[in-house]
Amino acid sequence: MRMGGENVVGYERKVEEEEEEREMEMVVAHGSPQQQMKLVVVGYALTSKKTKSFLQPKLVGLARNKGILFVAIDQSRPLSDQGPFDIVLHKLSGSKWSCILEDYRQTHPHVAVLDPPDAIQQVYNRQYMLEDVADLNLSDSYGKVGVPRQLVIEKDPSSISDAVDKAGLSLPLVAKPLVAKSHELSLAYDMASLQKLEPPLVLQEFINHGGVLFKVFIVGEAVKVVRRFSLPDVSKRELSNNAGVFHFPRVSCVAASAEEADLDPSVGELPPRPLLERLARELRRRLGLRLFNLDIIREHGTKDRYYVIDINYFPGYGKMPEYEHIFTDFLLSLMKQK
């Protein structure tokens, strides 16, 4: 399996050529690169879309200045024949790739693989994605973090209404694909419309949150949070006057960043830093992941009641402020841990 798209191949070749040119400049000016600094070689296996959004020129340039070299992994060749790599970054799907990577991890224990395939699979399945957050049941002086009540529907749309009634879930309900490879979601306002949904899916109780969610990016031990507009609150009157299922391509597409918006402090105030750091630390350990983000909402009308509604592996770091500095520092820290 090869990465599709001539543009992507050309882009990756350009990145590699720039790196090789830089190495040659180092050789001419100062002797061999090894005499000056040991390059950290990062092999990457990403989708075409991920390659373009993540390997932006500003990241590649800063990494180069810090002695980090990004090298595309050729999926048509055995992984063990490539490199040698110090770190492997990946976000590809499929059991074949997972097996290849797992075998590589076993035979190359000195290489930092970000992240283990089996750990990633857990957050790709929304039936299990939020289990560790629920089990953690985090509550301290800074706030309480939970998850929305949810129900898994694997088949038979006609049985959804009965299942929802039996589980005691309240409308409206957010419907998400069971496999978290898609960010699409729907909002169902009435019981009759539930049969229009297409299983397998997860139904979550919709929690009013002032139309703002907090994206918490985690890169190793670093934690960065930004505001994003979300779905608007649904009043009891709106619930009674509306029917049907409303589809959204993804929550973050409803509107852009909320960083510069003039928000009510009760809505826009960021969650307490100590709470987020403790949550991130616990989930890093429980999930076995170092690259992920959390979508968190604060229940409208409360000061300290938070819910994690989604977890994403290797999210769009290109949209995270200062991501190039945070990510390169993280890669270098992995080498110090060896």
Side-chain angles (χ1 to χ4, degrees), residues 49-50 52-54 56 58-59 91 123-124 126 129-130 133 138 142-148 150 172-177 180-187 202 204-219 222-234 246-273 275-277 279-280 283 289 291-327:
K49 181 179 179 181
K50 198 68 176 179
K52 289 182 177 180
S53 67
F54 176 70
Q56 297 179 23
K58 58 183 179 180
L59 172 65
K91 191 175 184 181
V123 296
Y124 277 161
R126 287 197 169 96
M129 175 193 288
L130 302 179
V133 182
L138 194 157
Y142 294 102
K144 184 175 178 62
V145 181
V147 300
Q150 69 175 37
L173 293 172
V174 178
K176 303 178 181 180
K181 300 293 179 67
S182 168
H183 293 281
E184 294 183 3
L185 61 81
S186 303
L187 191 62
V202 166
Q204 288 181 347
E205 283 190 329
F206 179 77
I207 297 168
N208 284 334
H209 52 282
V212 172
L213 65 78
F214 306 101
K215 280 197 169 291
V216 182
F217 292 95
I218 294 151
V219 183
V223 178
K224 191 85 171 178
V225 57
V226 297
R227 301 176 189 85
R228 289 285 185 271
F229 284 113
S230 178
L231 300 180
D233 289 350
V234 178
F246 297 84
H247 302 282
F248 301 91
R250 56 190 298 169
V251 172
S252 57
C253 285
V254 173
S257 168
E259 290 299 298
E260 304 301 325
D262 184 17
L263 299 170
D264 185 310
S266 66
V267 172
E269 183 180 1
L270 296 177
R273 184 81 189 176
L275 184 72
L276 294 181
E277 290 180 344
L279 178 62
L283 289 181
L289 299 175
L291 300 176
F292 61 101
N293 85 335
L294 310 171
D295 286 349
I296 297 179
I297 58 175
R298 179 195 293 113
E299 185 173 0
H300 199 197
T302 74
K303 293 183 178 181
D304 58 2
R305 180 62 171 157
Y306 300 93
Y307 293 87
V308 177
I309 59 174
D310 233 336
I311 300 177
N312 304 291
Y313 170 66
F314 204 148
Y317 286 117
K319 298 178 181 178
M320 180 180 78
E322 302 177 339
Y323 93 102
E324 58 271 62
H325 293 279
I326 293 172
F327 214 96

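These numbers come from a predicted model, not from an experiment.
Residues Tyr323 and Gln56 form a side-chain contact, since some pair of their non-hydrogen atoms from C-beta on lies under 4.5 Å apart. Residues Asn293 and Val216 are not in side-chain contact: their nearest non-hydrogen atoms beyond the backbone lie 4.5 Å or more apart. Side-chain contact check for Val223 versus Arg273: some heavy-atom pair is nearer than 4.5 Å. Between Leu130 and Gln150, the closest side-chain pair of non-hydrogen atoms falls below 4.5 Å. Within the 4.5 Å cutoff, the side chain of Phe206 has heavy atoms near those of the Leu231 side chain.
Side chain of Asp233 to backbone of Gly210: a donor-acceptor contact under 3.5 angstrom is found. A donor-acceptor contact shorter than 3.5 Å is absent between the side chain of Tyr306 and the backbone of Val147. Under a 3.5 Å cut-off, the side chain of Asp304 and the backbone N or O of Lys144 do not form any donor-acceptor pair. Side chain of Lys91 to main chain of Tyr313: a donor-acceptor pair is present (N/O by atom type, distance under 3.5 Å, no hydrogens or angles).
Other residues, nucleotides and ligands place more than 12 heavy atoms under 6.0 Å from the OH atom of Tyr124. Applying the 6.0 Å contact sphere to NZ of Lys303 captures no more than 12 heavy atoms from other residues, nucleotides or ligands.
The structure places CG of Leu270 at 11.0 Å from CD1 of Ile296, a figure rounded to the nearest 0.5 Å. Of the inter-residue distances, the one linking Leu138 atom CG with Leu275 atom CG reads 5.5 Å to the nearest 0.5 angstrom. Interatomic distance, Arg298 CZ to His209 NE2, rounded to the nearest 0.5 Å: 11.5 Å.
Test Lys176, Arg227, Lys215 against Asp295 for salt bridge (charged side-chain N to carboxylate O under 4.0 Å, His left out) and you get one pass: Lys215.
Checked against a 6.0 Å centroid threshold, the rings of Phe314 and Phe54 count as neighbours.
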